Enquirer: 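Before anything else, here's the structure in question.
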Amino acid sequence: MLLKIPNVLSAEDVLQARFQLDKAEWVDGKVTAGHQSAKAKNNQQISQDHPVGRELGDKILRALEKSPLFIAAALPHKVFPPLFNRYEGGQSFGNHVDNAIRQIPHTPIQIRTDLSATLFLSEPHEYEGGELCIEDNYGVHSVKLPAGHMVLYPASSLHHVKPVTRGARVASFFWIQSMIRDDSVRTMLFDLDLSIQSLNRDVPQHQAVINLTGVYHNLLRRYAEV
Ligand code: NI
């Protein structure tokens, strides 16, 4: 499933984030790349321990906790502390698949990356190129969203970022270990959840809604790993 989640951060939060990030120190993005993807990766990042990154990352995590759409779609178990990257002057990230397992820095906690997330922090008119292109069975999807919006996609997909030929593309990126490892099962649960919510709006308290809600939770109980 490829899902766009609008307005994770408000316009004000984005402005504040950009102000702080623009002043921060940026390093070569290869620091968090795996052996293979380091060859394809050409961008800049905020160091994982940078206080600005930590503060903004926490803000993003708090916003996601309050996003019913994110919770329903990702069914998150663990979320990697958000990182920040910037592409400018022709920088790009060639085709790759993200590492399967990530260790949260300075902790023994490992995350299986079921889902990848990119939260855009630059407006599309601020830069040329920089589309995030994600491959699935239906082709290649090109994603370039307004600042504050996020895209969620299976971390198992091949993806790349096109060269940024004008301006700068600033974004946050991170991974989610879902309670539901399998993307197709997670997608079915999400569709069921949305359908129940829709029915509940149209025919509140209908017995079938109560039954279907039970089915949803029993499926979650059947498949969830926590
Ligand atoms: Ni990637």
Side-chain angles (χ1 to χ4, degrees), residues 1-5 8-9 17 21 26-48 50 53 56-57 60-61 64 70 73-74 76-105 109-122 124 127 129-145 147-165 168-178 181-183 186-187:
M1 175 194 359
L2 190 157
L3 182 73
K4 294 166 188 171
I5 303 181
V8 171
L9 291 185
L21 288 169
W26 292 80
V27 299
D28 190 326
K30 287 186 180 29
V31 286
T32 57
H35 179 71
Q36 187 62 41
S37 62
K39 293 175 194 158
K41 190 173 187 183
N42 177 21
N43 66 4
Q44 307 150 61
Q45 279 179 211
I46 298 281
S47 142
Q48 299 197 68
H50 199 295
L56 294 175
I60 291 168
L61 294 181
L64 290 174
F70 171 75
H77 178 35
K78 294 184 244 178
V79 184
F80 194 88
L83 298 170
F84 297 85
N85 61 16
R86 181 168 71 186
Y87 296 79
E88 60 188 351
Q91 289 183 317
S92 64
F93 197 161
N95 232 9
H96 67 281
V97 171
D98 293 343
N99 281 5
I101 307 292
R102 292 259 167 193
Q103 181 133 8
I104 299 184
I109 302 170
Q110 290 189 314
I111 285 189
R112 185 187 66 230
T113 59
D114 296 321
L115 288 155
S116 296
T118 295
L119 171 59
F120 290 77
L121 293 171
S122 299
Y127 60 99
E131 294 86 355
L132 171 62
C133 298
I134 303 159
E135 292 183 24
D136 66 13
N137 291 341
Y138 304 106
V140 179
H141 306 271
S142 173
V143 183
K144 186 169 181 172
L145 300 179
H149 295 214
M150 187 174 101
V151 62
L152 201 57
Y153 60 99
S156 52
S157 355
L158 267 172
H159 57 277
H160 64 275
V161 176
K162 287 194 171 166
V164 172
T165 53
R169 174 199 193 268
V170 179
S172 175
F173 66 104
F174 51 96
W175 301 273
I176 298 108
Q177 179 171 335
S178 176
R181 176 198 296 241
D182 188 297
D183 185 62
R186 196 185 320 109
T187 302

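Everything quoted here is computed from the prediction, not taken from an experiment. Remember, it's 1-based here, ligands and their atoms both numbered in the order they're listed.
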Enquirer: Among K41, H159, H160, find the one that has a side chain to side chain contact (heavy atoms under 4.5 Å, CB included) with F93.
Expert: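 The passing option is K41.
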Enquirer: Check for me: within less than 2.8 Å of the Ni ion (ligand 1), which protein N/O/S atoms show up?
Expert: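 Near the Ni ion (ligand 1), below 2.8 Å, one finds H96 NE2, D98 OD1, H159 NE2.
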Enquirer: Can you check side-chain contact (heavy atoms from CB on, under 4.5 Å) on V161 and R169, steps first, answer last?
Expert: CA-CA 10 Å; V161 176; R169 174 199 193 268; 4.0 Å; yes
Enquirer: Testing the basics here: between T113 and A155, what is the closest heavy-atom pair and its distance to 0.1 Å?
Expert: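 Shortest heavy-atom separation between T113 and A155 comes out as O-CB, 3.1 Å.
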Enquirer: When you compare the side chain of I176 with that of F80, does any pair of heavy atoms fall below 4.5 Å?
Expert: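 Sidechains of I176 and F80: no contact.
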Enquirer: Would you name the heavy atoms of N85 and W26 that are closest together and state the gap between them?
Expert: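 Closest approach of N85 to W26: C-CZ3, 3.5 Å.
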Enquirer: Would you mind reporting whether L121 and L9 have side-chain heavy atoms less than 4.5 Å apart?
Expert: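 Counting from C-beta outward, L9 and L121 do come under 4.5 Å.
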